[in-house]
Amino acid sequence: MDSLRFENISFGYYPSRPVLNDISFEATTDDIIGILGPNGAGKSTLLQLTNGLLRPQSGQILFNSQEIKDQRTSDLANHITVSFQFSRQEFFKSTVFDEVFSTISRYILDKKGAHEATQQILETFGLHTVQRNHPYTLSGGEQRRLVLALRFSIPASFYMFDEPTANADYFAVELFRQYLISFHSLGKGFIIASHDIDFLLSVCDRILVLEAGKLTYHGRCEDFIRDYSHQKYSFIELPSIYSFIQLLETKKQSINILNGYLTNKTYNTRLAYLKQIIGGVG
Amino acid sequence: MDLDPRVALLILFSCAFIFLISSHFSFQFFLLFLFLSLYLHQTSLKQGIRIVVLLIIPSLFIVVLNWFFVSKEVSFILLMLIRFWGLTWLFNWFLNLVSPMSLAKALWSLHIPYQIAWQISLTYRFIPTFQEESKRVYQAQISRGIPLDKGIMQKMKFLPSFVIPLLILTQEKAELFAEALFARNWNAKSPKTTLDPLSMTIFDWILAIVFLLMITVILIS
């Protein structure tokens, strides 16, 4: 099990205006961590610090209790890969197949094996039908999936995503959720910065809240929903499950429904569970 | 102090001309001094020094080449260096001083067709955008594990991974920009007015006359 530990990280683009202030937490490959926060809270900066694009001004980041200060980003990318919000600027091959193959062949040196692995990953992400097309001619959703395919073709231990669900339709979000859960079951850790509270609550084990560069909440997902009624965040929309529970509470239903909902991990079982409850109410 | 962009253009071209043509060491030195005082008025000494530091390797190249292949005269090599630094400072000064919009205005008032003036100013307005775009491509590629940050050989080997996305994205950005202009019903040929027309102050006139005189002197001598 790999771990990534942040110890008292502080960072600012200008010395007078710190962006991150004394951030400490630990991520392991057992967890999916969600980072919430208003615009400009330092979520993207935190992700960029993790793979060495930016270096912290004080404090240290330890990967498997080894400091990452002296390592280059391209080396770190083999263990910790970050995918940015605007990430279609990285296609440079003439076909989708070559694009994925160029990444995979760095890790699988046997050419035939790399070929097969590429085929497999393209099928996983539903890109095998367009594998002979030019990457820039794909639609927005396909490009997003190609970026995911490129990220997941690196055998890293941590994957980080900056706003993976922004501008994505329901189908794409659902696919991403499935990839995430299936890759997580292979022992990969995830850190996801997003504004999409419903998405984060449905996949994450832990939630961090960043406000103006400070870590103001750090706890399990279930606790976050429970604490939500006491601690209101103006920048986070009400999770739809929370408003649903409120609705049920007015009908004298117990809060256990929430726990029941959260113990069901996949979408289909959740849907079945909710249908069952609604049937009971009606 | 805001210089008139037309005077800034005049200074740019006359200084560049003098730096390239003249071979009088003392005269160039004087010009450099004059120009630097102008430069420091607009930007800081720190930035000026930073530029010289950035130019150390090309400067060394110039010194070595001249020493071994052209002439062993110290004053001649110094002249070359002054020429090099002077031109760099000159363009840096101009880019800092004149905004793209006022450049378009200046060219337009010099009876250059509006389409061309607009194109020139646009080219120069997109330099920062291009820089930002290239930074993004670079960051995306190294966080994907492409070793662009590992020395010159690896950089050359993986250069296409940096250049191709940059070219495509720039092209896309240009098309997007054109579409946005069309959507706003922008027409280069329609008659135009400006909100604040350019006007020359006394200081502008003095500078313009000084630099015109200098060009004349150089051409006669």
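Bear in mind the structure is a predicted one, so any value in this text is a computation, not a measurement. Proteins get letters first, then strands, A, B, ... in listed order; numbering begins at 1 in each.
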CD/A:Q89 to CD1/B:I168 distance, rounded to the nearest 0.5 angstrom? 12.0 Å
Rounded to the nearest 0.5 Å, what separation is found between the CG atom of B:L167 and the CZ atom of A:F92? 14.0 Å
Check step by step if side-chain contact (heavy atoms from CB on, under 4.5 Å) holds for B:R136 and A:F84. CA-CA 9 Å; B:R136 256 192 213 157; A:F84 297 111; over 6 Å; no
Kindly indicate, with the supporting measurements, whether the criterion side-chain contact (heavy atoms from CB on, under 4.5 Å) is fulfilled by A:R151 and B:S143. CA-CA 10 Å; A:R151 284 295 179 278; B:S143 52; 4.2 Å; yes
Among B:I142, B:V137, B:I164, which residue forms the greatest number of heavy-atom pairs with chain A at distances under 4.5 Å? B:I142
Evaluate whether atom [atom1] of [X] has more than 12 neighbouring non-hydrogen atoms of other residues, nucleotides or ligands under 6.0 angstrom away.
X	atom1	result
A:Q66	CD	no
B:W205	CH2	no
B:I57	CD1	no
B:F61	CZ	no
B:R50	CZ	no
A:Y13	OH	yes

At under 4.5 Å between heavy atoms, what parts of residues 102-136 of chain A are in contact with chain B? List them by residue number.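 Near chain B, by residue number: A:S102, A:T103, A:R106, A:H134, A:Y136.
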Residues in residues 69-81 of chain A that sit under 4.5 Å from chain B, counting heavy atoms only: A:R72, A:T73, A:S74, A:D75, A:A77, A:T81
Structural part of B:I146 lying under 4.5 Å from a heavy atom of chain A: both
Which pair of heavy atoms, one from B:R144 and one from A:E90, lies closest together, and at what distance? NH1-O, 2.7 Å
List the atom pairs, with distances to 0.1 Å, where a side-chain N or O of residues 178-187 of chain A and a protein N or O form a donor-acceptor pair under 3.5 Å, not counting sequence neighbours.
from, atom 1, to, atom 2, distance (Å)
A:S182, OG, A:Q178, O, 3.1
A:S182, OG, A:Y179, O, 3.0
A:H184, ND1, A:K188, O, 2.9
A:H184, NE2, A:D30, O, 3.1
A:S185, OG, A:S182, O, 2.5

side-chain hydrogen bond (donor to acceptor under 3.5 Å, both in side chains): pairs with one or both residues in residues 164-182 of chain B, sequence neighbours excluded: A:R88-B:E172, B:E133-B:K173, B:Q171-B:E175
